[in-house]
Trainee: 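The following block contains the structure, expressed as structure tokens.
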Amino acid sequence: MTQVPERPTVDGLEAKWSQRWEADGVYRFDRTATRDQVFSIDTPPPTVSGSLHMGHVFSYTHTDNIARYRRMAGDEVFYPMGWDDNGLPTERRVQNYFGVRCDPSLPYDENFEPPADGGDAKAVDARGELAISRRNFIELCHVLTAEDEHAFEALWRQLGLSVDWSMTYATIDERCQRIAQRAFLGNLERGEAYQIEAPSLWDVTFGTAVAQAELEDRERPGAYHRIAFHRTGSPRSRNGPLPGSTVEIETTRPELLAACVALVAHPDDERYQPLFGSTVLTPLFGVEVPVVAHKLAEPDKGTGIAMICTFGDTTDVTWWRELDLPVRAIVDRRGRISPDPPHGIEGTAGREAYERLAGRTVGGARTETVELLRGSGDLIGEPRQITHAVKFFEKGDRPLEIVSSRQWYIRNGGRDAELRDALIARGSEMTWHPPYMQGRYTNWIEGLSGDWLISRQRYFGVPIPLWYPLDDAGEPIWVQPLVPGDGALPVDPSSDVPAGYDESQRGQPGGFVGDHDVMDTWATSSLTPQIACGWSEDPDLWERTYPMDMRPQGHDIIRTWLFSTAVRSHLGHDCAPWHHCALSGWILDPDRKKMSKSKGNVVTPVDLLDTYGADAVRYWAANGRPGTDTAFDEGQMKIGRRLAIKLLNAAKFALSLTGGATPGATADAGPDGRAGPVCNALDAALLAELAGLVRAATDAFENFDYARALERSEQFFWRFTDDYVELAKGRAYGGQGEEAAADAHLTLTAALDVLLRLFAPFLPFVTEEIWSWWRDGSVHRATWPDAGEIDALVPDHPSGAFELTASVLSEVRRAKTEARRSLRVPAEKVRVGSTAVHIATLEQTRADLIDAGRIESLTFVTDDSLAHPEVDVTLAPDDA
RNA sequence: GGGCGCUUAGCUCAGCUGGCGAGAGCACCUCCCUUACAAGGAGGGGGUCGCAGGUUCGAGUCCUGCAGCGCCCACCA
């Protein structure tokens with residue numbers, strides 16, 4: 001009945017068991033379960049164009065710990081996996097790999113074959129890339145990401161994630177596109193999505209607008225340039241401006257001088273109050289601009305008066321909007337100065353100055369402007385070098401510009417206090433792990449400065465599913481978008497045709513034009529609950545899984561993924577998307593820096609899994625507290641491996657001795673005919689502690705604190721092997737008779753049985769292996785241990801017998817070790833002094849103590865004044 | 001500048017609602033092939049729990065202030 005290997009090993013368990021689990025459908029979701037029986041997990045879809053690193057292994061293991069616990073605790077776990085193949089990383093990768101470029105204006109080519117080496121020369125453009133249709137491009141994406149997905153899945157299986165692999169999705173697949181478009185059209189219909197021409201943050205490298213959530217600040221060198229503006233009517237002197245005739249401002253962006261539309265100072269700033277309402281002339285360009293007042297102007301910054309340009313930063317946009325100023329834009333979408341001067345630059349000198357800047361990059365224009373200002377004498381002193389924070393697109397490498405363009409937005413509370421408050425309130429409907437992470441969510445919402453810009457001027461992604469009618473002049477009528485029918489989704493407006501039109505009318509006056517843009521990748525990612533749970537496609541599944549129970553994710557993407565998902569659920573379903581958010585920390589390298597590819601400090605998971613085994617790697621991960629950044633530490637993996645091996649050996653010992661005497665807490669007796677109760681004091685004490693451990697581990701798991709559950713179980717386990725097994729060994733071998741052995745057998749198997757289940761969420765392979773030695777079915781479908789069942793085995797609740805006996809044994813060992821003798825050497829005399837109560841207890845475990853300590857003569861001396869037992873040991877003479 | 005987190009042995013960290021004679025693992029040192037395990041086992045040294053006050057019979061644990069580190073947000077004149 002039991003099949004315990006001679007030399008158990010942890011090697012090879014991953015391949016063996018992941019195969020079996022798949023074959024037996026151990027993790028298959030039972031979709032007949034009702035909502036209250038289901039625990040649904042909104043798994044983060046990893047970006048497949050990269051590679052998985054230890055950070056992924058870390059956080060996905062945490063989720064799996066929880067998933068496995070919930071499954072054993074009786075929940076039907078809904079645990080799908082997605083792949084994020086949407087967005088810029090994949091676009092770039094497909095582009096480089098195949099030497100192609102997406103051009104949405106091209107028609108789909110059914111017979112298209114990816115070029116082997118950059119493609120056929122005639123179709124290749126100036127950049128050496130072959131232009132293909134969006135649909136062809138997306139197909140190539142699937143070709144490329146399919147390989148990644150297989151590699152990722154293989155890694156996850158090797159790691160032992162208990163995902164239901166029959167439920168996967170890819171964020172660019174047809175179903176996800178359909179759901180993303182349908183959700184967008186829902187937002188549009190309810191008035192939550194809108195289009196507007198407005199200044200927005202623009203990445204000149206990627207040529208697209210970006211959202212507030214995708215920004216990051218980077219410290220860059222810059223310089224303050226002090227520039228003189230001339231008050232109108234003030235005469236200019238050959239020797240320089242007359243006192244009081246100029247106004248000096250400081251700027252880090254002198255190249256925007258031509259875009260200046262006003263100067264601004266704080267309304268209470270006495271220095272500039274006389275100037276409010278007057279006008280000044282911009283140097284070089286001679287444009288007359290007003291001096292205005294606004295409370296955002298800071299008197300102690302620079303000279304206290306600033307130039308407002310369209311647009312140098314987001315404050316400029318605020319001033320421009322609130323003060324109703326004109327637009328004088330000079331930076332184009334490529335980040336260059338526009339060829340033609342903006343209105344207002346009328347004079348010859350001004351036009352000549354502008355000529356010198358036109359077509360240059362922002363940086364080039366800056367140098368040139370400074371030269372011009374030097375020449376005109378309007379640069380006061382030399383530029384002062386500083387370091388300041390500049391806004392970047394998080395994936396970009398050039399500073400963002402602000403460009404006015406027509407974009408689609410989804411309301412997210414950035415411009416609407418009521419919605420903002422409602423979204424903040426949604427945060428309180430979720431339980432945050434750890435709790436303080438909610439602060440980041442609230443904090444982010446409170447700091448929003450505008451709605452969510454979702455359109456991107458890119459080619460690859462989910463298209464915005466709209467067309468626009470063209471008027472007789474061929475101009476789009478933006479306010480009357482043509483909406484596809486639901487049955488047509490997903491659509492690609494660049495190749496599909498709106499109802500009532502035919503392809504020949506594309507771009508023709510009176511015809512139509514497709515929206516060229518795609519949606520931000522977060523616009524799809526924000527719908528992972530809808531995608532995973534089958535919203536609008538599988539109402540039955542939806543009913544059983546949504547709102548979801550748990551969203552695991554990194555704390556760095558609270559402002560993007562977490563928040564945008566909350567927005568979509570709030571708008572679309574009037575609820576929070578999940579009941580629990582579990583935020584995981586980062587993996588830090590030994591220098592306490594976040595590990596990342598660019599820093600070159602990434603260790604590949606496969607190597608580590610091969611070296612230490614999945615259970616060991618998982619052990620390391622599970623030691624990371626929820627939400628806490630954790631150092632990458634191979635040492636922990638060694639310990640994890642040791643733990644797994646120890647489990648194998650302890651199990652081998654227990655089972656080979658007991659034959660698997662299963663302690664039926666209830667009626668069914670074990671093979672040797674007994675089912676408790678356990679009378680031996682040592683055994684009973686151990687089991688009582690085990691019951692306490694089960695309670696602690698269960699509590700910890702209920703609070704999503706897998707790390708604590710592991711720590712407690714591990715601590716108990718080592719005491720079990722080091723002390724209990726050593727003490728009970730002789731008795732278990734039969735040294736004190738059959739009756740006494742039976743209790744030990746029961747206790748050993750009961751403890752093993754419970755410990756295996758406690759460790760199963762962490763060490764799924766080794767626990768399954770051991771389980772299979774004497775049990776049917778998977779340990780991962782076994783019931784989570786119940787403290788009450790263990791209590792039932794020990795009617796007399798003993799106290800402290802285990803700990804007390806172990807401490808005496810420890811003293812005996814110490815004496816032997818300190819005498820530099822083997823532990824096998826007999827202790828001729830051991831005298832234990834302790835309180836009457838302790839001695840009464842020790843009397844009950846006396847025989848075990850004598851066995852384990854090889855004690856020849858054991859005497860107890862009562863001394864109630866002792867807080868801790870005193871142990872005197874006399875060893876047998878050393879023959880050597 | 002606003003908010004949050006962290007600061008306990010050389011290193012990585014536990015210490016949850018105050019009782020700890022301050023813990024674990026790693027590293028270090030010593031000893032032991034003991035029939036589950038030498039890819040083991042048994043032991044040992046090592047900390048005024050960031051600093052300063054306060055509450056309390058009692059504070060690593062609660063309160064206040066300070067310092068250092070880190071993160072999020074704001075900061076482009």
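Protein chains get the first letters and strands the later ones, always in sequence-line order, with residue 1 at the start of each.
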Trainee: Report the base-pairing partner of B/rU48 (Watson-Crick or G-U wobble, both distances below 3.5 angstrom), or none.
Mentor: none

Trainee: Please state the C1' separation for the pair B/rU7 and B/rC66 - nearest whole angstrom.
Mentor: 14 Å

Trainee: Which whole-number value in Å describes the distance from A/Leu215 CG to B/rC73 P?
Mentor: 9 Å

Trainee: Taking it one step at a time, do A/Phe701 and A/Phe762 satisfy ring pair (Phe, Tyr, Trp, His ring centres under 6.0 Å)?
Mentor: CA-CA 12 Å; A/Phe701 262 125; A/Phe762 305 106; 5.5 Å; yes

Trainee: Quick check for you: among B/rG40, B/rC72, B/rC32, whose closest atom lies nearest to any side-chain atom of A/Ser822?
Mentor: B/rC32

Trainee: Hey, could you give me the CH2/OG1 distance between A/Trp586 and A/Thr628, rounded to the nearest 0.5 Å?
Mentor: 13.0 Å

Trainee: Partner of B/rA27 by Watson-Crick or G-U wobble geometry, both contacts under 3.5 Å, or none?
Mentor: none

Trainee: Using the ring of A/Tyr612 (Phe, Tyr or Trp, six-membered ring only), decide whether A/Arg641 places NZ or CZ under 6.0 Å from its centre and within 45 degrees of its axis.
Mentor: no

Trainee: Please pick, from B/rA36, B/rU30, B/rG15, the nucleotide with the shortest atom-to-atom distance to any side-chain atom of A/Arg625.
Mentor: B/rG15

Trainee: For A/Trp202, which residues count as a ring-ring contact (aromatic ring centres under 6.0 Å, His included) partner, sequence neighbours excluded?
Mentor: none

Trainee: Let's see if you can work this out: which of B/rG40, B/rG2, B/rC37 has an atom nearest to the side-chain heavy atoms of A/Asn443?
Mentor: B/rG2

Trainee: Taking the side chain of A/Arg708 as heavy atoms from C-beta outward, which of B/rC32, B/rA42, B/rG15 is closest to it?
Mentor: B/rG15

Trainee: Between B/rG60 and B/rA14, how many Å separate the two C1' atoms, rounded to a whole number?
Mentor: 12 Å

Trainee: Taking the side chain of A/Asp722 as heavy atoms from C-beta outward, which of B/rC76, B/rC31, B/rA42 is closest to it?
Mentor: B/rA42

Trainee: Separation of A/Leu296 atom CG from B/rA74 atom C1', in whole Å?
Mentor: 12 Å

Trainee: Considering only the C1' atoms, how many Å lie between B/rG19 and B/rU56, rounded to the nearest integer?
Mentor: 12 Å

Trainee: Between atom CD in A/Glu219 and atom P in B/rA74, what is the gap in whole Å?
Mentor: 14 Å

Trainee: Considering only atom C1', compute the distance from B/rC6 to B/rC75 and round it to an integer number of Å.
Mentor: 25 Å

Trainee: Which nucleotide, in any strand shown, forms a Watson-Crick or G-U wobble pair with B/rU56, with both distances under 3.5 Å?
Mentor: none

Trainee: Does A/Glu214 come within less than 4.0 Å of A/Lys391, counting only side-chain N to carboxylate O?
Mentor: no

Trainee: When you check the phosphate oxygens OP1 and OP2 of B/rA14, does a side-chain N or O of A/Gln636 lie under 4.0 Å from one of them?
Mentor: no

Trainee: Could you state the NE2-C1' distance from A/His388 to B/rA74, rounded to the nearest angstrom?
Mentor: 16 Å

Trainee: Nearest to the side chain of A/Arg854, heavy atoms from C-beta on, is which of B/rA39, B/rU35, B/rC75?
Mentor: B/rU35

Trainee: Please report the distance separating the P of B/rA38 from the corresponding atom of B/rG23, rounded so that it comes out in whole Å.
Mentor: 31 Å

Trainee: Using both distances under 3.5 Å as the test, list the Watson-Crick or G-U wobble partner of B/rA22, or none.
Mentor: none

Trainee: Give a yes/no answer on whether the side chain of A/Arg440 brings an N or O atom under 4.0 Å of OP1 or OP2 in B/rC72.
Mentor: no

Trainee: Report yes if a side-chain nitrogen or oxygen of A/Lys638 is closer than 4.0 Å to either non-bridging phosphate oxygen (OP1 or OP2) of B/rA39; otherwise report no.
Mentor: no

Trainee: Using the P atom in both, what is the distance from B/rC63 to B/rG43, to the nearest Å?
Mentor: 39 Å

Trainee: Hunt down the Watson-Crick or G-U wobble partner of B/rU7, both distances under 3.5 Å, from any strand shown, or write none.
Mentor: B/rA67

Trainee: Report the distance from atom CH2 of A/Trp320 to atom OG1 of A/Thr310, rounding to the nearest 0.5 Å.
Mentor: 8.5 Å

Trainee: Choose from B/rU34, B/rA42, B/rU35 the nucleotide whose nearest atom is closest to any side-chain atom of A/Tyr733.
Mentor: B/rU35

Trainee: The side chain of A/Ala389 is closest to which nucleotide in this list: B/rC75, B/rG25, B/rA36?
Mentor: B/rC75

Trainee: Could you list all the side-chain hydrogen bond (donor to acceptor under 3.5 Å, both in side chains) pairs where at least one residue sits in residues 704-713 of chain A, not counting sequence neighbours?
Mentor: A/His62-A/Tyr706, A/Arg625-A/Glu711

Trainee: Let's test this: given Watson-Crick or G-U wobble pairing with both distances under 3.5 Å, identify the partner of B/rG1.
Mentor: B/rC73

Trainee: Reckon A/Ser810 has a side-chain N or O less than 4.0 Å from the OP1 or OP2 of B/rG43?
Mentor: yes

Trainee: Within this structure, what is the OH-to-P distance between A/Tyr436 and B/rG2, rounded to whole angstrom?
Mentor: 21 Å

Trainee: Taking B/rC13 as the reference, what is the distance to B/rG53 when you measure between their C1' atoms (whole Å, please)?
Mentor: 29 Å

Trainee: Rounded to whole angstroms, how far apart are CD on A/Glu714 and C1' on B/rU12?
Mentor: 14 Å

Trainee: Regarding B/rC75, can its base be found pairing with the side chain of A/Asp217 as donor and acceptor, where the two atoms are less than 3.5 Å apart?
Mentor: yes

Trainee: So, A/Phe632 versus A/Phe58, ring centres under 6.0 angstrom or not?
Mentor: no

Trainee: If you take atom types as modelled and just measure distance, does the side chain of A/Lys391 reach the base of B/rC76 with a donor-acceptor pair under 3.5 Å?
Mentor: no

Trainee: Using the C1' atom on both, measure B/rC20 against B/rC31 and round to a whole Å.
Mentor: 30 Å

Trainee: Could you pick out which residue, A/Val264 or A/Arg824, lies toward the 5' side of RNA chain B when each is mapped onto its nearest nucleotide?
Mentor: A/Arg824

Trainee: Measure from OH on A/Tyr612 to P on B/rG25 and round the result to the nearest Å.
Mentor: 19 Å

Trainee: Searching all strands shown, indicate the nucleotide that pairs with B/rU34 (Watson-Crick or G-U wobble; both distances under 3.5 Å).
Mentor: none

Trainee: Taking only the side-chain heavy atoms of A/Arg642 (C-beta and beyond), determine which of B/rC75, B/rU30, B/rG40 contains the nearest atom.
Mentor: B/rG40

Trainee: What is the distance, rounded to the nearest whole Å, between atom CG of A/Asp615 and atom P of B/rA39?
Mentor: 20 Å

Trainee: When you match A/Arg813 and A/Glu298 each to their closest nucleotide on RNA chain B, which lands nearer the 5' end?
Mentor: A/Arg813

